[in-house]
Amino acid sequence: LIGDSVTFGKGVAQEDRFADRLRAALPRKTTVLNFGVCGSTSGDMAGLLEEFIAHRPDLVILQASTNDLDIMLWRQSREAKPAGPGACVLAVVSASRAVLWAIYKISGDVFSRKIRQALAAAAVAYRPDLEKIARMLKARGVPLIVVAAPVAMGDVTTSHVTDFFRGRPDVCRGVLDVSFARPQDWIPDWERKLQALEGKPDWVTRTAAELGIEEERLAPLIRHRRFFQDTVHPNALGHELIAAQLRRFLETKRPLRRPPG
């Protein structure tokens with residue numbers, strides 16, 4: 001497994017990470033190595049893959065990272081270069097991913113336009129890295145599965161990665177688009193676990209307080225609130241759902257490389 005802080009399991013216990021849950025669900029002889037690194041971009045993942053590909057894994061699972069988009073959004077905000085009070089506002093906004101996302105989301109069309117522009121820029125900027133990943137895997141006959149999960153708002157921010165690998169069936173055996181719909185199909189005792197969360201203050205409550213807006217105004221924008229601990233990092237429930245869907249996906253696709261002969 002290669003990925004960013006989501007694969008690393010930022011903010012959750014080790015046994016709750018989707019990588020560890022997947023390991024526990026697979027046959028005992030299966031080895032699952034977690035190479036998730038906080039802050040990784042597609043470029044970082046290409047470099048990491050170059051280091052460990054010599055060990056000839058039977059399968060590589062790549063978690064498409066939102067950091068590519070974050071960097072493009074950050075560059076957009078810096079390129080604006082407002083003067084006077086606007087510069088102070090920009091400095092505050094740029095320092096907080098939660099504030100940036102919330103402002104874009106509340107702004108409606110502005111959010112959509114910014115995301116489209118940033119994804120188009122990411123598709124150009126990171127294509128050489130994605131091509132490098134594809135070349136390395138193809139040269140060694142190692143199959144790839146790509147995992148793409150939406151952020152807490154429900155938006156998919158990794159289409160530049162998934163679109164690229166969907167066009168490379170010679171390398172990619174499939175793309176798992178994680179869905180947080182119908183969690184009862186994936187998480188045992190879902191109703192009990194949901195009840196345990198009801199009424200407890202969470203990151204949405206804190207973010208609303210930071211922004212100085214009513215929680216009732218912000219909450220409808222956070223479609224997957226129950227599965228996240230901030231805008232992009234799943235909580236334990238989110239990791240449990242990702243692991244369950246990934247296990248089913250692997251059972252269906254059966255992507256493991258067959259030994260020669």
Side-chain angles (χ1 to χ4, degrees), residues 1-42 44-45 47-49 51-52 55 57-70 97-98 133 144-154 156-158 161-162 174-181 183-190 192-194 196-197 200 202-203 222 224-253 255-256:
L1 278 161
I2 58 176
D4 58 17
S5 51
V6 174
T7 298
F8 174 81
K10 181 179 179 180
V12 298
Q14 179 174 338
E15 63 271 16
D16 288 330
R17 301 183 303 183
F18 79 84
D20 290 80
R21 287 183 174 275
L22 180 64
R23 179 185 296 117
L26 293 175
R28 184 174 300 178
K29 294 183 178 180
T30 305
T31 299
V32 178
L33 300 178
N34 186 345
F35 287 96
V37 179
C38 294
S40 287
T41 64
S42 293
D44 297 319
M45 294 181 200
L48 182 61
L49 180 62
E51 291 185 20
F52 80 78
H55 297 288
D58 294 308
L59 174 69
V60 169
I61 300 174
L62 184 149
Q63 172 247 319
S65 174
T66 63
N67 290 316
D68 295 357
L69 178 65
D70 283 349
R97 186 197 320 235
I133 291 172
L144 173 72
I145 291 291
V146 176
V147 177
V151 295
M153 286 77 165
V156 178
T157 61
T158 56
V161 177
T162 56
V175 175
L176 169 61
D177 294 302
V178 174
S179 171
F180 291 102
Q184 64 272 22
D185 293 344
W186 303 101
I187 299 177
D189 299 324
W190 163 247
R192 178 183 59 80
K193 293 175 181 177
L194 178 60
L197 295 176
K200 293 184 178 180
D202 62 3
W203 67 277
I222 316 297
H224 303 312
R225 173 179 186 169
R226 296 172 295 186
F227 302 100
F228 282 79
Q229 53 185 307
D230 56 34
T231 53
V232 297
H233 296 106
N235 57 20
L237 279 178
H239 276 270
E240 184 174 0
L241 187 145
I242 293 171
Q245 293 188 10
L246 180 53
R247 183 187 65 182
R248 178 76 60 80
F249 194 77
L250 294 176
E251 290 173 350
T252 302
K253 294 291 184 178
L256 290 181

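Within the 4.5 Å cutoff, no side-chain heavy atoms of D202 are placed close to those of F228. The closest side-chain heavy-atom distance from L49 to V60 is below 4.5 Å. Residues S65 and T158 are not in side-chain contact: their nearest non-hydrogen atoms beyond the backbone lie 4.5 Å or more apart. Side-chain contact between L250 and I61: present, with at least one pair of heavy atoms (C-beta onward) separated by less than 4.5 Å. Considering only heavy atoms from C-beta on, L144 comes within 4.5 Å of L62 through its side chain. Side-chain contact between D68 and V161 is present, with at least one heavy-atom pair separated by less than 4.5 Å. Annotation: side chain of Q63 is not in contact with side chain of I2 (no heavy-atom distance under 4.5 Å). Contact check for T231 versus V151: no side-chain heavy atoms found under the 4.5 Å cut-off.
Side chain of D189 to backbone of R192: no donor-acceptor contact under 3.5 angstrom is found. In terms of modelled atom types and a separation under 3.5 Å, the side chain of Q184 and the main chain of W190 share no donor-acceptor contact.
Heavy-atom minimum distance, A236 versus V12: N-CG1, 3.7 Å. Annotation for D4 and V6: closest pair OD1-N, 2.9 Å, computed over non-hydrogen atoms. The two residues A25 and R247 come nearest to each other via the heavy atoms CB-CD, 3.5 Å. When all heavy atoms of Q229 and P234 are compared, the closest pair comes out as NE2-O, 2.9 Å. Listed here is the closest heavy atom pair of F52 and P57: CE1-CG, 4.1 Å.
By the 4.0 Å N-to-carboxylate-O rule, K193 lies close enough to E240 to be salt-bridged with it.
Here CG of D20 is found 8.0 Å from CD of E15. Values are rounded to the nearest 0.5 Å. For the atom pair H233 NE2 and F8 CZ, the distance stands at 10.0 Å (nearest 0.5 Å). We find the CG-NE2 distance between L237 and H224 to be 13.5 Å, quoted to the nearest 0.5 Å. Separation of atoms CD1 (I187) and CD (Q245) is listed at 9.0 Å; rounding is to 0.5 Å. Atom CG of N67 and atom CE of M45 lie 7.0 Å apart (nearest 0.5 Å). Note that the CG atom of L176 and the CZ atom of R248 stand 11.5 Å from one another [nearest 0.5 Å].
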Q: Go through the steps to decide whether F18 and L1 satisfy the test side chain to side chain contact (heavy atoms under 4.5 Å, CB included), and finish with yes or no.
A: CA-CA 10 Å; F18 79 84; L1 278 161; 3.9 Å; yes
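Checking I145, V178, V147 one by one against F249, the side chain to side chain contact (heavy atoms under 4.5 Å, CB included) holds for a single residue, I145.
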What side-chain donor-acceptor pairs closer than 3.5 Å can you find for residues 30-41, not counting sequence neighbours?
| unit_1 | atom_1 | unit_2 | atom_2 | d |
| --- | --- | --- | --- | --- |
| T30 | OG1 | P27 | O | 3.2 |
| N34 | OD1 | G36 | N | 2.8 |
| N34 | ND2 | T7 | O | 2.9 |
| S40 | OG | V37 | O | 2.9 |
| T41 | OG1 | G43 | N | 3.3 |
| T41 | OG1 | D44 | N | 3.3 |
| T41 | OG1 | D44 | OD2 | 3.2 |

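Between F227 and W203, a ring centre-to-centre spacing not shorter than 6.0 Å is recorded.
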